[in-house]
Amino acid sequence: DQQVKQNSPSLSVQEGRISILNCDYTNSMFDYFLWYKKYPAEGPTFLISISSIKDKNEDGRFTVFLNKSAKHLSLHIVPSQPGDSAVYFCAAKGGNQFYFGTGTSLTVIP
Amino acid sequence: NAGVTQTPKFQVLKTGQSMTLQCAQDMNHNSMYWYRQDPGMGLRLIYYSASEGTTDKGEVPNGYNVSRLNKREFSLRLESAAPSQTSVYFCASTGRGQGYEQYFGPGTRLTVT
């Protein structure tokens, strides 16, 4: 059973607007959450992370929000740029293992 | 620094053949991982090595073996390839005290016919 879910396979956003990517998880023992960005034919690259003891982490245009009671996290990208077009994966750490969602393909329209 | 390197980039095998996927990192990281990525499935952990000399199963270990040859290298072996092992394989590493972010290699695209 998928412990980390990204229910939106794709998202299109106009350049300059906000992109919001969502992720849900089922295991309350997860203690760290990460977002990765992936371009075709490349490995994922780390974007931003958050510890389970926090509810927000910000890095430039990227902000991750964590709602532990809802077992939900989201990635906000403001403003969105065409170079942000990629597949975004959320991941959760449980013990020494990491569990990934199925990814959301973001397209930023110029 | 090359980061995480993987060889080969592409491979085609016939059912029943064996092969080893190689991974190396030059970041002095303790932990290394092997994932497979299939359409609609995200990345799934096959095996990981939390430190040199240790290996553990992940979510989908059946049909695979691993070797942590030294701190730098972590190989994945398919003893008898099956069409269900057609996938893109990624190696990753992470260092202690670096916030758990993983550094990924470019991937190996494997097709088993």
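Numbers restart at 1 for each chain; the letters A, B, ... are given by sequence-line order, proteins then strands.
- If you measure heavy-atom distances from B:Q6 to chain A, you find no contacts under 4.5 Å at all.
- For A:F98, the parts lying under 4.5 angstrom from a heavy atom of chain B are both the backbone and the side chain.
- Side-chain contact between A:P44 and B:F90: present, with at least one pair of heavy atoms (C-beta onward) separated by less than 4.5 Å.
- Here the CD atom belonging to A:Q97 is positioned 12.0 Å from the NZ atom belonging to B:K57, to the nearest 0.5 angstrom.
- Nearest heavy-atom pair across B:Q102 and A:F46 is O-CB, 4.3 Å.
- Within 6.0 Å of CZ on A:R61 lie more than 12 heavy atoms contributed by other residues, nucleotides or ligands.
- At most 12 heavy atoms of other shown residues, nucleotides or ligands fall within 6.0 angstrom of atom CZ in B:R109.
- Considering every non-hydrogen atom in both B:A50 and A:N96, the closest pair reads CB-ND2, 4.2 Å.
- Using a 4.5 Å cut-off between heavy atoms, A:E42 contacts chain B through its backbone alone, with no side-chain atom that close.
- With a threshold of 4.5 angstrom between heavy atoms, B:L45 approaches chain A through side-chain atoms but not through N, CA, C or O.
- The minimum heavy-atom distance linking A:Q2 with B:M41 is given by the pair NE2-O, 4.1 Å.
- Contact annotation for A:A91: neither backbone nor side-chain heavy atoms come within less than 4.5 Å of a heavy atom of chain B.
- Neither the backbone nor the side chain of A:Q6 comes within less than 4.5 Å of any heavy atom of chain B.
- Residues A:F65 and A:I20 are members of separate hydrophobic clusters, defined by side-chain heavy-atom contacts under 4.5 angstrom among Ile, Leu, Val, Met, Phe, Trp and Tyr.
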